[in-house]
Chemist: 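Shown below is the structure under consideration.
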Amino acid sequence: NSHFYKSPKSYRVIYLPLMKAQKRSQFYVLLLLAGDVLIFILSLIFALYIRNNFNFTYEIWEPHRIPFMILGVVWLFLLLAGDFYNPRRTFSNLAAFGNLTFVWIIWLFLSFAIFYLSPYFKVTPKMTLAIDAGVLYFSFAFWRWFFYKIFSRGAVKFALFGNNPQIEEFLSELRSKKTRAFECALLIKDVENLNVNDISREVFINKDIDYVVTAEDHINATWADFFFRELFPLNIKIERFNNFFEEVLQKVPVQNIGSAWFLENLDGTAHFFYDLVKRWFDIVVALILAIPAIFISIIVIIALAMEGKTKIFYIQNRMKRAGGIFRMYKFTSMRPDAEKDGPKWAKTKGDERVTKVGRVIRRLHFDELPQLINIIKGDMSFIGPRPERPEFVENLRKEIPFYYQRFLVKPVLSGWAQLNYPYGETAEDALKKLQYDLYYIKHRSMLLDLEILLRSFRLVFFQPKK
């Protein structure tokens, strides 16, 4: 039985000589950030130079300094939310350019809004902003391409010690990822039967290992001593499997955690200010969206009435924070007898219960517009885990460990699980989504919420079929 595992070819990630993975990532972010700031400033200077007949003076620069400084902060914030500073990502495919284009369009829209809706700025530079936006887009794309071209190598490599179903699942999912920034260069399954003297530090050096990942119950004192004595001097980071699983796949391995995990990682008091800001954000955004939502809702109501619907709104009980029950509002998208035999899981494709109009409003997510009422009332939020039906929760609690813990936060319109996993139809799907829900609950922040919001917006308006 071979102890070695050969991973498929991976996409390239950043490499800086003599620096291990964690140091590489920090330097990577700082270098990219510095380059992005410099490109933004140079793009503005070039735009002002062209716009003023190849002339640039302090008098020209001064009125543009403050407003474009604000635009620069917005640009960097959108890049951060768009995952452009993630060490695992590269800039070598059409998807990366698509993400850049989306962020650039949002920034351009906000730029015009800041200039033309704010009474505090003395300039309204239509042509300067247009030139600056064009130069910024192409120079940023070239800078990122150049950076990855110069400072790239193979994936971050790790050695994995242990053998359980979660490890096999982890490796299988890692192989299936389209963007592979991590590679299992060494897999040792039968740790208990392998003598520590049968493996040397040269193996880790030759395979250029960055991490050693251990399943906690497989490492004894002898192996721990080997790690400290032989690997620490090489700057190889030792990581528990659960933590590495969470870091790489951005979800929590539910089958491997216990009650102590929740006590250590889920502290409600630590998010008091965040929850307060998020609540005000929900109210303000819901009120703003209510204006266009009213006009869209009128069209939906007319379409449903023409289809012969007598019941326009569908009201359903859902579970909210701390296990309470609330009434969630939606536009009717199914036949009246859709659940004559009791509650059923919704299907992603081929659900005969969905009407023609219902199929259209579901694809465009217009059926969820009435949920703005739930958000204003405080039953739901925009970002987080989706609400579930009480009829399903009771069964899922029996089949899935810690399923009830997903109700530590408010249910929402869009969430981390919805972006990373397709529509669920079974208890197994619910387990997969719970892994992403727990990751969100642990790492929830305004920045993560903004990333989810941007990705949700991109999916709804640019990839509605997904």
Chemist: I need the Phe158 CZ to Asp208 CG distance, nearest 0.5 Å.
Modeler: 14.0 Å
Chemist: Between Glu173 and Lys251, does at least one N-O distance fall below 4.0 Å, as a salt bridge requires?
Modeler: yes
Chemist: Answer yes or no: are there more than 12 heavy-atom neighbours, outside Phe232 itself, under 6.0 Å from its atom CZ?
Modeler: yes
Chemist: Under the ring-ring contact (aromatic ring centres under 6.0 Å, His included) test, which residues partner Tyr49, sequence neighbours left out?
Modeler: Phe54
Chemist: What distance separates Lys157 NZ from Phe182 CZ, expressed to the nearest 0.5 Å?
Modeler: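 Rounded to the nearest 0.5 Å, the NZ-CZ separation comes out at 14.0 Å.
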Chemist: Using the rule given for side-chain contact (heavy atoms from CB on, under 4.5 Å), can you reason through Val213 versus Ile167, listing the C-alpha separation, both sets of side-chain angles and the distance that settles it, and then say yes or no?
Modeler: CA-CA 10 Å; Val213 183; Ile167 289 178; over 6 Å; no
Chemist: Determine whether the aromatic ring centres of Phe161 and Phe227 lie less than 6.0 Å apart.
Modeler: yes
Chemist: Can you check ring pair (Phe, Tyr, Trp, His ring centres under 6.0 Å) on Trp75 and Phe140, steps first, answer last?
Modeler: CA-CA 11 Å; Trp75 172 248; Phe140 178 87; 5.6 Å; yes
Chemist: Just verifying a value: how many Å separate Leu48 CG and Arg51 CZ, rounded to the nearest 0.5 Å?
Modeler: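 One finds 10.0 Å between CG of Leu48 and CZ of Arg51.
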Chemist: Is the Phe46 to Phe56 ring centre distance short of 6.0 Å?
Modeler: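 That pair fails the under 6.0 Å test.
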Chemist: In plain terms, say whether Lys189 and Glu168 are close enough for a salt bridge, that is, a side-chain N and a carboxylate O under 4.0 Å apart.
Modeler: yes
Chemist: Give, for atom OG of Ser139 and atom CZ of Phe40, the distance between the pair rounded to the nearest 0.5 Å.
Modeler: 10.5 Å
Chemist: Can you tell me how far CH2 of Trp61 sits from CD1 of Ile45, rounded to the nearest 0.5 angstrom?
Modeler: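 It is 5.0 Å, given to the nearest 0.5 Å.
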Chemist: Do the rings of Tyr421 and Tyr436 sit parallel, tilted or perpendicular, given the 30° and 60° boundaries?
Modeler: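 The arrangement is tilted - the two ring planes meet at 30° to 60°.
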Chemist: Could you check whether Asp379 pairs with Lys320 (Lys NZ or Arg NE/NH1/NH2 to Asp/Glu carboxylate O, under 4.0 Å)?
Modeler: yes
Chemist: Side chains of Ser43 and Tyr137: donor-acceptor distance under 3.5 Å anywhere?
Modeler: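 No, no side-chain donor-acceptor pair sits under 3.5 Å.
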Chemist: With a 4.5 Å heavy-atom cut-off, do Leu249 and Tyr439 have their side chains touching?
Modeler: no
Chemist: Taking Arg318 for the side chain and Pro387 for the main chain, is one N or O donor matched with an acceptor at less than 3.5 Å?
Modeler: yes
Chemist: Would you say that Val409 contacts Pro385 through its side chain, given a criterion of any heavy-atom pair below 4.5 Å between the two side chains?
Modeler: yes
Chemist: Between Arg144 and Asp36, is there a salt bridge with N-O shorter than 4.0 Å?
Modeler: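 Between Arg144 and Asp36 there is a salt bridge, with a charged N closer than 4.0 Å to a carboxylate O.
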Chemist: Any idea how Phe146 and Phe142 line up, ring-wise: parallel (<30°), tilted (30 to 60°), or perpendicular (>60°)?
Modeler: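 Judged by the thresholds at 30° and 60°, the geometry between Phe146 and Phe142 is parallel.
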Chemist: Roughly how far, to the nearest 0.5 Å, is the NZ atom of Lys442 from the CH2 atom of Trp261?
Modeler: 5.5 Å
Chemist: Measure the shortest side-chain to side-chain distance between Trp416 and Leu438 over non-hydrogen atoms and say whether it is less than 4.5 angstrom.
Modeler: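 Not in contact.
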Chemist: Is it true that Tyr440 and Asn420 share a donor-acceptor pair across their side chains at a distance under 3.5 Å?
Modeler: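 No, Tyr440 and Asn420 have no side-chain donor paired with an acceptor closer than 3.5 Å.
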Chemist: How about Ser333 and Asp367: does a side-chain donor come under 3.5 Å of a side-chain acceptor?
Modeler: no
Chemist: What donor-acceptor contacts under 3.5 angstrom involve side-chain atoms of residues 128-136, with partners at least two apart or in another chain?
Modeler:
{"residue": "Asp132", "atom": "OD1", "partner": "Leu44", "partner atom": "N", "Å": "3.2"}

Chemist: Decide yes or no on side-chain hydrogen bond (donor to acceptor under 3.5 Å, both in side chains) for His443 and Glu246, but give the supporting numbers first.
Modeler: CA-CA 11 Å; His443 296 277; Glu246 181 179 325; 2.6 Å; yes
